[in-house]
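In what follows, residues are counted from 1 in the order of the sequence shown.
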Amino acid sequence: IRSALAWAALAMLALVICSPARAQDATYIGESKCVVCHVEQKPNFSHTVHAKAMRTNPANELQAKVCEACHGPGSRHVKDTEDKSLIIGFTRSWGTPIEKQNGQCLECHKGGQRLFWSGSTHEMNRVACADCHNPHYQVKVEPRARIPATCGRCHSGIEQDYRLSVHGEPVYANTNA
C-alpha cells in the first residue's frame, strides 16, 4: 500500500510540475488581448451560455476572467503562441492532460449531476468533458435531441435505440419528454 501511495503522490507532483499554464508562471491578460488573435472564436463564443454568464454575471473572480477562466492565464501563451503547453486546450490533439482539462471544467461545474463523475465509467476511461461538450458552441436545437448523436460517436447504435425509445420518440417529435 505504501508503494502505491508513493506512486500516486509522485504522479500528482508530476502533474503539478508539468501542467500547462501554471498560475505561478503566468498572469491573466484579459479577454480583450485573447480576441486580438482568436478573432473567429469571439463571435461564436459570444452567443453561448458560458459567455453570457461570465461577462454579465460571473459567480466568482475566476469566472470574470472569461477566456482565462477555462484556458488559464494567457501571458506566457501570448509570448509564445506555438508552445501548446503554455495554455490549456480542450482537444485531444492539443495535448493538455485530460485530468487537467476536466479539472478546469469541474472548477465551476461541480455538484448536481457531476457528483457522480468521480470514479464514473467515463472518468475511468479517460473521457474528457470536451469530448462531449463544447462551450464555444451555441446549441441551436433542442439540447436533448443532440445527446444520442453525441453519445453515438463512441457508442455505436445508441442513437437509433434512443430514437425508438419512450424517451427519444417525444424528443425527435419536438414534444416535451
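Inter-residue side-chain proximity for Met54 and Lys65 is flagged as unmet; no heavy-atom pair is nearer than 4.5 Å. The closest side-chain heavy-atom distance from Asp131 to Arg92 is below 4.5 Å.
Contact record, Leu62 with Ala69: O-CB, 3.1 Å, taken as the closest heavy-atom pair. The two residues Cys34 and Glu68 make their nearest non-hydrogen contact at SG-CG, 4.4 Å. Closest of all the heavy-atom pairs between Pro148 and Tyr162 is CG-CD2, 2.9 Å. The shortest non-hydrogen separation linking Ala64 to Pro58 is N-CB, 3.6 Å. The two residues Thr27 and Ser75 come nearest to each other via the heavy atoms N-OG, 2.7 Å. Across all their heavy atoms, Asn44 and Thr48 have their closest contact at O-CG2, 3.5 Å.
At distances below 3.5 Å, at least one donor-acceptor pair connects side-chain atoms of Gln104 with backbone N or O atoms of Cys70. Under the 3.5 Å distance criterion, the side-chain polar atoms of Gln101 are matched with a main-chain donor or acceptor of Thr96. Not a single donor-acceptor pair under 3.5 Å links the side chain of Trp94 to the backbone N or O of Ile88.
How far CD1 of Ile87 is from OG1 of Thr81: 11.0 Å, rounded to the nearest 0.5 Å. Between atom CD of residue Glu107 and atom CD of residue Gln63 there is a gap of 10.5 Å, rounded to the nearest 0.5 Å. Going from atom OH of Tyr28 over to atom NE2 of His71 covers 12.5 Å, rounded to the nearest 0.5 Å. In this structure, CZ in Arg153 is found 10.5 Å from NE2 in His155, a value given to the nearest 0.5 Å. The line from SG of Cys108 to NE2 of His50 is 7.5 Å long, rounded to the nearest 0.5 Å. To the nearest 0.5 Å, atoms CG (Asp161) and SG (Cys151) are separated by 11.5 Å.
Residue Val78 shares its hydrophobic cluster (ILVMFWY side chains chained together at separations under 4.5 Å) with Ile29.
Looking at residues two or more places apart in sequence or on another chain, you find a side-chain contact (heavy atoms from CB on, under 4.5 Å) between Asn102 and Ile98, Trp117, Ala128, Cys129.
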Check your understanding: Run the side-chain contact (heavy atoms from CB on, under 4.5 Å) check on Arg55 and Val66 step by step: do they pass?
Key -> CA-CA 7 Å; Arg55 289 176 180 157; Val66 189; 4.2 Å; yes

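Relative orientation of the His77 and His38 rings is parallel, given thresholds of 30° and 60° on the angle between their planes.
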